[in-house]
Amino acid sequence: MSGTASSGISLRGITKTYGATVALAGLDLDLRPGEILGVAGPNGAGKSTLVRMIAGEERPTLGTLTFDGKPWSPVDEWHAVAVVHQEPQLFPNLTVAENVMVGREGGSRQRPTLGPADAAVMDTLGIGTVRDRPLEDCSLAIQQRTEIARAVARDCKVFLFDEPNSALTAAESDELFREMGRLAAAGKIVVLVTHRLADFVAHCSRVAVVRDGKVRVILEGDGLSEDAIARQLVTESVLSAAQENAADRLHYEGAPPVFRTRRWTHRTAFSDIDFEGRPGEIVALFGVEGSGARELLRSLAGLERCSGDVEIGTRTGTSALDTLTAYVPATRQQSLYSNFSVGENLLVRLGRPQIAGAGYLLKTQAMKHLARDAVKRFLVKTGTTTQPIRSLSGGNQQKVAIAQALNCEPKLLLLEEPTRGVDIHSKAEIYRLLRDYANEGNAVVIFCTEVLEVYEAADTVRIASAGRLSRPLSVGDYDHVEQLASDIIVLENEHRSAALR
(Lines give C-alpha, C1' and ligand atoms only; values in the text may rest on other atoms or scores of the structure.)
Protein backbone atom coordinates (compact mmCIF):
# COMPACT_ATOMS: atom_id res chain seq x y z
CA MET A 1 0.00 0.00 0.00
CA SER A 2 1.83 3.08 -1.19
CA GLY A 3 -0.43 5.68 0.40
CA THR A 4 -0.94 9.33 -0.53
CA ALA A 5 -0.93 12.62 1.31
CA SER A 6 -4.54 11.91 2.39
CA SER A 7 -3.81 8.32 3.48
CA GLY A 8 -2.02 7.95 6.80
CA ILE A 9 -0.69 10.70 9.05
CA SER A 10 0.31 14.05 7.55
CA LEU A 11 2.32 16.61 9.51
CA ARG A 12 2.45 20.13 8.10
CA GLY A 13 4.36 23.09 9.49
CA ILE A 14 4.90 21.42 12.86
CA THR A 15 6.72 23.77 15.19
CA LYS A 16 7.56 23.09 18.84
CA THR A 17 9.33 25.55 21.11
CA TYR A 18 10.42 25.33 24.75
CA GLY A 19 10.99 28.94 25.72
CA ALA A 20 13.80 30.17 23.45
CA THR A 21 14.67 26.61 22.35
CA VAL A 22 13.24 25.52 18.98
CA ALA A 23 12.89 21.72 18.85
CA LEU A 24 10.87 21.51 15.62
CA ALA A 25 10.85 24.32 13.05
CA GLY A 26 8.06 23.94 10.50
CA LEU A 27 8.48 20.20 9.90
CA ASP A 28 6.57 18.49 7.05
CA LEU A 29 6.30 14.69 6.86
CA ASP A 30 3.92 11.97 5.65
CA LEU A 31 3.57 8.63 7.48
CA ARG A 32 2.08 5.99 5.18
CA PRO A 33 0.26 2.79 6.13
CA GLY A 34 1.90 -0.39 4.93
CA GLU A 35 5.57 0.62 5.25
CA ILE A 36 8.32 1.11 7.81
CA LEU A 37 9.45 4.74 7.81
CA GLY A 38 12.90 5.45 9.25
CA VAL A 39 13.69 8.73 11.01
CA ALA A 40 17.40 9.59 11.22
CA GLY A 41 19.12 12.66 12.58
CA PRO A 42 22.04 13.92 14.65
CA ASN A 43 21.81 14.59 18.37
CA GLY A 44 19.28 17.29 19.20
CA ALA A 45 17.77 17.26 15.70
CA GLY A 46 14.22 16.90 17.01
CA LYS A 47 13.63 13.16 16.47
CA SER A 48 12.41 12.44 20.00
CA THR A 49 10.17 15.51 19.97
CA LEU A 50 8.68 14.29 16.69
CA VAL A 51 7.94 10.86 18.19
CA ARG A 52 6.33 12.44 21.24
CA MET A 53 4.25 14.66 18.96
CA ILE A 54 2.86 11.73 16.97
CA ALA A 55 2.24 9.79 20.20
CA GLY A 56 0.28 12.65 21.71
CA GLU A 57 2.78 13.17 24.54
CA GLU A 58 3.43 16.72 23.23
CA ARG A 59 1.25 19.28 21.46
CA PRO A 60 2.67 21.40 18.64
CA THR A 61 3.15 25.12 19.16
CA LEU A 62 2.13 25.59 15.51
CA GLY A 63 1.09 23.28 12.67
CA THR A 64 -1.43 20.54 11.96
CA LEU A 65 -1.62 16.73 12.09
CA THR A 66 -4.20 14.86 10.02
CA PHE A 67 -5.04 11.16 9.63
CA ASP A 68 -6.69 10.08 6.38
CA GLY A 69 -7.41 13.75 5.77
CA LYS A 70 -9.14 14.33 9.12
CA PRO A 71 -7.75 16.03 12.24
CA TRP A 72 -5.53 13.55 14.11
CA SER A 73 -5.46 13.84 17.88
CA PRO A 74 -3.57 11.00 19.54
CA VAL A 75 -4.28 12.75 22.85
CA ASP A 76 -7.92 11.74 22.37
CA GLU A 77 -7.13 8.49 20.55
CA TRP A 78 -4.30 7.32 22.81
CA HIS A 79 -5.34 3.69 22.33
CA ALA A 80 -4.52 3.98 18.62
CA VAL A 81 -0.77 4.55 19.20
CA ALA A 82 1.79 2.14 20.64
CA VAL A 83 5.24 3.42 21.55
CA VAL A 84 8.40 1.44 22.27
CA HIS A 85 10.69 3.91 24.05
CA GLN A 86 14.47 3.82 24.07
CA GLU A 87 14.35 3.64 27.86
CA PRO A 88 11.64 1.07 28.82
CA GLN A 89 8.69 2.74 30.53
CA LEU A 90 7.22 -0.11 32.50
CA PHE A 91 6.02 -1.07 35.97
CA PRO A 92 8.77 -2.89 37.93
CA ASN A 93 6.32 -4.10 40.62
CA LEU A 94 4.28 -6.04 38.03
CA THR A 95 5.20 -9.29 36.31
CA VAL A 96 6.35 -9.48 32.70
CA ALA A 97 2.91 -10.71 31.58
CA GLU A 98 1.09 -8.02 33.56
CA ASN A 99 3.25 -5.35 31.90
CA VAL A 100 2.36 -6.74 28.47
CA MET A 101 -1.35 -6.34 29.32
CA VAL A 102 -1.15 -2.87 30.89
CA GLY A 103 -3.69 -0.49 29.38
CA ARG A 104 -6.28 -3.14 28.58
CA GLU A 105 -7.94 -3.36 31.99
CA GLY A 106 -11.10 -1.52 30.87
CA GLY A 107 -13.69 -0.83 33.56
CA SER A 108 -13.36 -4.23 35.21
CA ARG A 109 -11.79 -4.53 38.63
CA GLN A 110 -10.33 -7.88 37.67
CA ARG A 111 -6.93 -8.13 36.11
CA PRO A 112 -6.95 -8.97 32.38
CA THR A 113 -6.02 -12.53 31.51
CA LEU A 114 -3.21 -13.46 29.14
CA GLY A 115 -4.77 -14.56 25.87
CA PRO A 116 -3.31 -16.91 23.23
CA ALA A 117 -2.28 -14.01 20.97
CA ASP A 118 -0.41 -12.31 23.84
CA ALA A 119 1.31 -15.57 24.77
CA ALA A 120 2.34 -16.13 21.14
CA VAL A 121 3.92 -12.67 20.91
CA MET A 122 5.80 -13.22 24.17
CA ASP A 123 7.07 -16.60 23.00
CA THR A 124 8.17 -15.10 19.68
CA LEU A 125 10.19 -12.44 21.51
CA GLY A 126 11.70 -14.97 23.94
CA ILE A 127 10.03 -13.83 27.17
CA GLY A 128 7.32 -16.49 27.48
CA THR A 129 9.35 -18.48 30.00
CA VAL A 130 9.66 -15.46 32.36
CA ARG A 131 6.04 -14.26 32.07
CA ASP A 132 5.41 -14.63 35.83
CA ARG A 133 8.69 -13.06 36.96
CA PRO A 134 8.54 -9.55 38.54
CA LEU A 135 9.97 -7.09 36.02
CA GLU A 136 12.32 -5.58 38.62
CA ASP A 137 14.16 -8.92 38.71
CA CYS A 138 14.70 -8.96 34.94
CA SER A 139 17.63 -7.74 32.83
CA LEU A 140 17.46 -4.65 30.64
CA ALA A 141 17.15 -6.88 27.55
CA ILE A 142 14.06 -8.61 28.96
CA GLN A 143 12.55 -5.27 29.97
CA GLN A 144 13.03 -3.95 26.45
CA ARG A 145 11.47 -7.07 24.92
CA THR A 146 8.54 -6.72 27.35
CA GLU A 147 7.82 -3.20 26.13
CA ILE A 148 8.06 -4.41 22.52
CA ALA A 149 5.62 -7.26 23.28
CA ARG A 150 3.19 -4.83 24.91
CA ALA A 151 3.22 -2.65 21.80
CA VAL A 152 2.95 -5.48 19.26
CA ALA A 153 0.12 -7.20 21.16
CA ARG A 154 -2.10 -4.10 21.03
CA ASP A 155 -4.51 -3.55 18.15
CA CYS A 156 -3.21 -0.10 17.23
CA LYS A 157 -3.08 1.98 14.06
CA VAL A 158 0.36 3.48 14.68
CA PHE A 159 3.53 1.87 16.06
CA LEU A 160 6.51 4.06 17.03
CA PHE A 161 9.84 2.33 17.75
CA ASP A 162 12.52 4.55 19.35
CA GLU A 163 15.87 2.66 19.44
CA PRO A 164 13.92 -0.59 20.05
CA ASN A 165 16.81 -3.07 19.72
CA SER A 166 19.60 -1.29 21.58
CA ALA A 167 19.68 -4.03 24.25
CA LEU A 168 18.79 -7.00 22.01
CA THR A 169 20.99 -9.69 20.53
CA ALA A 170 21.27 -10.09 16.75
CA ALA A 171 18.76 -12.97 16.73
CA GLU A 172 16.31 -11.02 18.92
CA SER A 173 16.67 -7.99 16.64
CA ASP A 174 15.89 -10.12 13.60
CA GLU A 175 12.69 -11.35 15.24
CA LEU A 176 11.72 -7.79 16.19
CA PHE A 177 12.08 -6.61 12.60
CA ARG A 178 10.02 -9.54 11.37
CA GLU A 179 7.25 -8.41 13.75
CA MET A 180 7.57 -4.84 12.47
CA GLY A 181 7.32 -6.14 8.90
CA ARG A 182 4.15 -8.07 9.76
CA LEU A 183 2.61 -4.92 11.26
CA ALA A 184 3.41 -2.91 8.12
CA ALA A 185 2.04 -5.70 5.90
CA ALA A 186 -1.22 -5.50 7.87
CA GLY A 187 -1.58 -1.84 6.85
CA LYS A 188 -0.28 -0.29 10.08
CA ILE A 189 1.86 2.85 10.25
CA VAL A 190 5.31 1.88 11.55
CA VAL A 191 8.06 4.38 12.41
CA LEU A 192 11.65 3.42 13.35
CA VAL A 193 14.09 5.80 15.05
CA THR A 194 17.59 4.38 15.42
CA HIS A 195 21.28 5.22 15.12
CA ARG A 196 22.04 1.91 13.40
CA LEU A 197 22.25 2.88 9.75
CA ALA A 198 22.26 -0.74 8.57
CA ASP A 199 18.82 -1.26 10.13
CA PHE A 200 17.40 1.61 8.07
CA VAL A 201 18.73 0.16 4.82
CA ALA A 202 17.64 -3.40 5.61
CA HIS A 203 14.13 -2.71 6.87
CA CYS A 204 12.80 0.72 5.84
CA SER A 205 11.03 1.77 2.64
CA ARG A 206 11.97 5.41 3.21
CA VAL A 207 14.25 7.29 5.60
CA ALA A 208 13.54 10.90 6.60
CA VAL A 209 16.66 12.76 7.72
CA VAL A 210 15.86 15.40 10.34
CA ARG A 211 18.26 18.26 11.11
CA ASP A 212 17.59 21.41 13.09
CA GLY A 213 13.91 20.58 13.50
CA LYS A 214 13.12 20.03 9.80
CA VAL A 215 13.04 17.11 7.37
CA ARG A 216 16.00 17.91 5.13
CA VAL A 217 15.73 14.96 2.74
CA ILE A 218 13.84 11.69 2.28
CA LEU A 219 15.91 8.79 0.96
CA GLU A 220 14.30 5.85 -0.80
CA GLY A 221 14.87 3.33 -3.59
CA ASP A 222 18.37 3.33 -5.04
CA GLY A 223 19.17 6.50 -3.10
CA LEU A 224 18.80 4.72 0.27
CA SER A 225 22.18 3.46 1.51
CA GLU A 226 24.29 3.70 4.65
CA ASP A 227 26.71 6.07 2.91
CA ALA A 228 23.87 8.33 1.77
CA ILE A 229 22.40 8.52 5.27
CA ALA A 230 25.83 9.11 6.84
CA ARG A 231 26.55 11.97 4.42
CA GLN A 232 23.28 13.63 5.39
CA LEU A 233 23.96 13.21 9.11
CA VAL A 234 27.50 14.58 9.08
CA THR A 235 27.24 18.27 8.37
CA GLU A 236 30.74 19.21 9.49
CA SER A 237 34.18 17.67 9.33
CA VAL A 238 34.82 15.60 12.45
CA LEU A 239 37.82 13.36 13.19
CA SER A 240 36.74 9.87 14.14
CA ALA A 241 37.09 8.92 17.78
CA ALA A 242 39.31 6.03 16.76
CA GLN A 243 41.78 8.38 15.04
CA GLU A 244 41.85 10.73 18.01
CA ASN A 245 42.33 7.87 20.47
CA ALA A 246 45.26 6.47 18.51
CA ALA A 247 46.90 9.87 18.29
CA ASP A 248 46.32 11.04 21.85
CA ARG A 249 46.67 7.97 24.05
CA LEU A 250 49.28 8.39 26.78
CA HIS A 251 51.38 5.35 27.64
CA TYR A 252 52.34 4.39 31.18
CA GLU A 253 54.96 1.77 30.41
CA GLY A 254 55.92 -0.34 33.43
CA ALA A 255 53.28 1.21 35.69
CA PRO A 256 51.40 -1.20 37.98
CA PRO A 257 47.75 -1.98 37.15
CA VAL A 258 45.04 0.40 38.34
CA PHE A 259 42.88 -2.61 39.20
CA ARG A 260 43.33 -6.36 39.37
CA THR A 261 41.15 -9.36 40.20
CA ARG A 262 42.28 -12.90 40.97
CA ARG A 263 39.99 -15.96 41.13
CA TRP A 264 37.06 -13.51 41.00
CA THR A 265 33.91 -15.64 41.15
CA HIS A 266 30.19 -14.87 40.95
CA ARG A 267 27.62 -17.35 42.24
CA THR A 268 26.05 -17.84 38.79
CA ALA A 269 27.52 -15.59 36.08
CA PHE A 270 31.29 -16.25 36.00
CA SER A 271 34.11 -17.98 37.86
CA ASP A 272 37.89 -17.72 38.42
CA ILE A 273 38.33 -14.46 36.53
CA ASP A 274 41.80 -12.90 36.40
CA PHE A 275 41.38 -9.40 35.03
CA GLU A 276 43.31 -6.13 35.12
CA GLY A 277 43.56 -2.67 33.60
CA ARG A 278 46.52 -0.29 33.46
CA PRO A 279 46.80 3.50 33.73
CA GLY A 280 45.73 5.17 30.50
CA GLU A 281 43.88 2.08 29.30
CA ILE A 282 40.29 1.67 28.13
CA VAL A 283 39.27 -1.99 28.36
CA ALA A 284 36.15 -3.30 26.64
CA LEU A 285 34.23 -6.27 28.03
CA PHE A 286 32.40 -7.75 25.05
CA GLY A 287 29.57 -10.26 25.33
CA VAL A 288 25.92 -10.96 24.70
CA GLU A 289 23.36 -11.11 27.51
CA GLY A 290 24.09 -14.13 29.69
CA SER A 291 27.82 -14.18 28.89
CA GLY A 292 28.76 -12.82 32.33
CA ALA A 293 30.27 -9.60 30.96
CA ARG A 294 27.65 -7.24 32.37
CA GLU A 295 27.75 -8.92 35.79
CA LEU A 296 31.56 -8.75 35.84
CA LEU A 297 31.51 -5.01 35.26
CA ARG A 298 28.84 -4.51 37.90
CA SER A 299 30.85 -6.60 40.38
CA LEU A 300 33.74 -4.12 40.10
CA ALA A 301 31.29 -1.43 41.18
CA GLY A 302 30.33 -3.50 44.23
CA LEU A 303 26.86 -4.24 42.83
CA GLU A 304 27.31 -8.02 42.50
CA ARG A 305 28.62 -10.13 45.39
CA CYS A 306 31.75 -12.11 44.50
CA SER A 307 34.50 -14.13 46.14
CA GLY A 308 38.19 -13.91 45.32
CA ASP A 309 40.68 -11.04 45.45
CA VAL A 310 40.27 -7.52 44.10
CA GLU A 311 42.74 -4.64 44.27
CA ILE A 312 42.33 -1.03 43.11
CA GLY A 313 45.31 1.25 43.55
CA THR A 314 46.71 0.40 46.96
CA ARG A 315 43.42 -0.77 48.45
CA THR A 316 41.92 -4.23 48.49
CA GLY A 317 38.49 -5.76 49.02
CA THR A 318 35.14 -4.02 49.23
CA SER A 319 36.62 -0.77 50.58
CA ALA A 320 38.38 -0.32 47.24
CA LEU A 321 35.15 -0.95 45.32
CA ASP A 322 33.24 1.50 47.49
CA THR A 323 35.70 4.39 47.36
CA LEU A 324 37.75 4.19 44.16
CA THR A 325 35.22 3.27 41.47
CA ALA A 326 32.32 5.06 39.77
CA TYR A 327 29.63 3.31 37.75
CA VAL A 328 27.36 4.52 34.93
CA PRO A 329 24.45 2.15 34.13
CA ALA A 330 23.12 1.49 30.63
CA THR A 331 19.81 3.21 31.36
CA ARG A 332 20.08 6.97 31.83
CA GLN A 333 16.95 6.97 34.00
CA GLN A 334 18.95 5.12 36.66
CA SER A 335 21.57 7.92 36.78
CA LEU A 336 19.60 11.11 36.31
CA TYR A 337 16.99 12.84 38.44
CA SER A 338 14.28 13.93 36.01
CA ASN A 339 12.93 16.59 38.39
CA PHE A 340 16.38 18.20 38.81
CA SER A 341 18.06 20.80 36.61
CA VAL A 342 21.10 20.17 34.45
CA GLY A 343 23.37 21.76 37.06
CA GLU A 344 21.87 19.82 39.97
CA ASN A 345 22.35 16.56 38.10
CA LEU A 346 25.97 17.41 37.33
CA LEU A 347 26.75 17.98 41.02
CA VAL A 348 24.56 15.32 42.62
CA ARG A 349 27.43 12.91 43.45
CA LEU A 350 29.72 15.51 44.99
CA GLY A 351 30.46 15.34 48.72
CA ARG A 352 29.67 17.82 51.45
CA PRO A 353 32.97 19.80 51.45
CA GLN A 354 32.45 20.83 47.83
CA ILE A 355 28.80 21.90 47.93
CA ALA A 356 27.87 22.46 51.61
CA GLY A 357 29.30 24.38 54.53
CA ALA A 358 28.59 24.60 58.23
CA GLY A 359 25.21 23.27 59.23
CA TYR A 360 24.95 21.54 55.82
CA LEU A 361 23.91 24.82 54.17
CA LEU A 362 24.49 24.62 50.43
CA LYS A 363 27.18 26.85 48.90
CA THR A 364 24.88 28.32 46.26
CA GLN A 365 27.42 30.48 44.44
CA ALA A 366 30.08 27.79 44.51
CA MET A 367 27.59 25.29 43.07
CA LYS A 368 26.75 27.65 40.20
CA HIS A 369 30.44 27.97 39.32
CA LEU A 370 30.99 24.22 39.59
CA ALA A 371 27.99 23.53 37.34
CA ARG A 372 29.12 26.03 34.68
CA ASP A 373 32.64 24.59 34.74
CA ALA A 374 31.24 21.05 34.40
CA VAL A 375 29.13 22.04 31.37
CA LYS A 376 32.27 23.27 29.60
CA ARG A 377 34.54 20.45 30.72
CA PHE A 378 32.12 17.67 29.78
CA LEU A 379 30.90 19.23 26.49
CA VAL A 380 27.25 19.42 27.57
CA LYS A 381 25.14 21.45 25.11
CA THR A 382 22.61 23.38 27.18
CA GLY A 383 21.25 26.91 27.23
CA THR A 384 21.64 27.30 31.00
CA THR A 385 22.55 25.06 33.92
CA THR A 386 19.11 25.72 35.42
CA GLN A 387 17.01 24.21 32.64
CA PRO A 388 15.39 20.79 33.32
CA ILE A 389 17.55 17.75 32.56
CA ARG A 390 14.67 16.21 30.58
CA SER A 391 14.85 19.12 28.10
CA LEU A 392 18.27 17.93 26.85
CA SER A 393 18.73 15.53 23.97
CA GLY A 394 19.61 11.92 24.74
CA GLY A 395 23.30 12.39 23.92
CA ASN A 396 23.65 15.37 26.24
CA GLN A 397 21.79 13.59 29.02
CA GLN A 398 24.31 10.75 28.67
CA LYS A 399 27.21 13.21 28.95
CA VAL A 400 25.66 14.51 32.19
CA ALA A 401 25.39 10.93 33.52
CA ILE A 402 29.08 10.34 32.75
CA ALA A 403 30.03 13.74 34.18
CA GLN A 404 28.37 12.79 37.49
CA ALA A 405 30.72 9.82 37.75
CA LEU A 406 33.86 11.68 36.65
CA ASN A 407 33.18 14.43 39.20
CA CYS A 408 33.87 11.81 41.90
CA GLU A 409 37.44 11.48 40.55
CA PRO A 410 37.54 7.66 40.75
CA LYS A 411 40.57 5.59 39.79
CA LEU A 412 38.36 3.15 37.88
CA LEU A 413 35.41 4.25 35.73
CA LEU A 414 32.85 1.57 34.82
CA LEU A 415 30.24 2.08 32.10
CA GLU A 416 27.56 -0.15 30.59
CA GLU A 417 27.06 0.55 26.87
CA PRO A 418 28.16 4.20 27.20
CA THR A 419 26.79 5.33 23.81
CA ARG A 420 23.61 3.23 23.60
CA GLY A 421 21.11 5.21 21.53
CA VAL A 422 23.53 8.11 21.02
CA ASP A 423 24.25 9.76 17.65
CA ILE A 424 27.67 9.87 15.96
CA HIS A 425 28.57 13.39 17.13
CA SER A 426 27.82 12.64 20.80
CA LYS A 427 29.64 9.31 20.49
CA ALA A 428 32.82 11.11 19.43
CA GLU A 429 32.51 13.55 22.34
CA ILE A 430 31.86 10.77 24.86
CA TYR A 431 34.87 8.80 23.60
CA ARG A 432 36.90 12.00 23.94
CA LEU A 433 35.83 12.35 27.59
CA LEU A 434 36.76 8.73 28.34
CA ARG A 435 40.15 9.11 26.63
CA ASP A 436 40.98 12.32 28.50
CA TYR A 437 40.04 10.66 31.79
CA ALA A 438 42.19 7.59 31.08
CA ASN A 439 45.10 9.80 30.07
CA GLU A 440 45.11 11.24 33.59
CA GLY A 441 46.45 7.88 34.80
CA ASN A 442 43.12 6.17 35.42
CA ALA A 443 41.50 3.07 33.91
CA VAL A 444 38.15 2.69 32.13
CA VAL A 445 36.13 -0.50 31.65
CA ILE A 446 33.15 -0.47 29.29
CA PHE A 447 30.65 -3.26 28.69
CA CYS A 448 29.94 -3.44 24.95
CA THR A 449 27.57 -5.43 22.78
CA GLU A 450 28.74 -3.95 19.44
CA VAL A 451 32.14 -4.57 17.86
CA LEU A 452 32.20 -1.09 16.33
CA GLU A 453 32.11 0.50 19.78
CA VAL A 454 35.02 -1.69 20.86
CA TYR A 455 36.98 -0.66 17.76
CA GLU A 456 36.31 3.07 18.20
CA ALA A 457 36.69 3.40 21.97
CA ALA A 458 38.92 0.71 23.48
CA ASP A 459 42.60 -0.17 23.64
CA THR A 460 42.03 -3.75 24.75
CA VAL A 461 39.07 -6.11 24.53
CA ARG A 462 38.27 -9.21 26.60
CA ILE A 463 35.49 -11.46 25.31
CA ALA A 464 33.14 -13.02 27.85
CA SER A 465 31.42 -16.28 27.00
CA ALA A 466 29.91 -18.95 29.25
CA GLY A 467 31.26 -17.19 32.34
CA ARG A 468 34.89 -17.12 31.17
CA LEU A 469 37.15 -14.37 29.82
CA SER A 470 39.26 -14.66 26.68
CA ARG A 471 42.87 -13.62 26.38
CA PRO A 472 43.17 -9.86 25.73
CA LEU A 473 43.14 -8.57 22.16
CA SER A 474 44.91 -5.30 21.37
CA VAL A 475 42.53 -3.19 19.29
CA GLY A 476 45.43 -1.25 17.79
CA ASP A 477 46.65 -4.40 16.05
CA TYR A 478 43.64 -4.35 13.71
CA ASP A 479 43.49 -2.20 10.58
CA HIS A 480 39.81 -2.94 9.98
CA VAL A 481 36.85 -3.52 12.27
CA GLU A 482 35.90 -6.59 10.22
CA GLN A 483 39.16 -8.30 11.24
CA LEU A 484 38.48 -7.60 14.90
CA ALA A 485 34.91 -8.90 14.57
CA SER A 486 36.20 -12.14 13.05
CA ASP A 487 38.63 -12.80 15.93
CA ILE A 488 35.97 -11.98 18.53
CA ILE A 489 33.62 -14.55 16.97
CA VAL A 490 36.39 -17.17 17.02
CA LEU A 491 37.11 -16.59 20.72
CA GLU A 492 33.40 -16.62 21.59
CA ASN A 493 32.97 -19.97 19.85
CA GLU A 494 36.06 -21.44 21.52
CA HIS A 495 34.73 -20.62 24.99
CA ARG A 496 31.23 -21.81 24.14
CA SER A 497 32.57 -25.13 22.87
CA ALA A 498 34.79 -25.55 25.93
CA ALA A 499 31.78 -24.97 28.23
CA LEU A 500 29.85 -27.75 26.48
CA ARG A 501 32.61 -30.33 26.88
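If you read the sequence from its start, that first residue is 1, and numbering goes on from there.
Electrostatic pairing of Arg52 and Glu57 does not count as a salt bridge here, judged by no charged N lying under 4.0 Å from a carboxylate O. We find that Glu179 and Arg182 are joined by a salt bridge, their nearest charged nitrogen and carboxylate oxygen being less than 4.0 Å apart. Between Glu147 and Arg150, at least one side-chain N (NZ, or NE/NH1/NH2) sits under 4.0 Å from a carboxylate O, which counts as a salt bridge. Here Lys427 does not pair with Glu456 in a salt bridge; the nearest charged N to carboxylate O distance is not below 4.0 Å. In this structure, Glu276 does not pair ionically with Arg462, as no charged nitrogen and carboxylate oxygen lie closer than 4.0 Å. Arg178 and Asp174 are not joined by a salt bridge, as no carboxylate oxygen comes within less than 4.0 angstrom of a charged side-chain nitrogen.
No side-chain heavy atom of Thr382 sits less than 4.5 Å from a side-chain heavy atom of Asn396. Using a 4.5 Å heavy-atom cutoff, the side chains of Leu296 and Ser299 are in contact. Using a 4.5 Å cut-off on side-chain heavy atoms (C-beta onward), Glu416 and Arg294 make contact.
When each of Val445, Val454, Leu414 is checked for a side-chain contact (heavy atoms from CB on, under 4.5 Å) with Leu285, only Val445 meets the rule.
The aromatic rings of Phe275 and Phe259 sit perpendicular to each other, their planes meeting at more than 60°, with 30° as the lower class boundary. Ring-plane geometry between His266 and Phe270 is classed as tilted, the angle between the planes lying from 30 to 60 degrees on a 0 to 90 degree scale.
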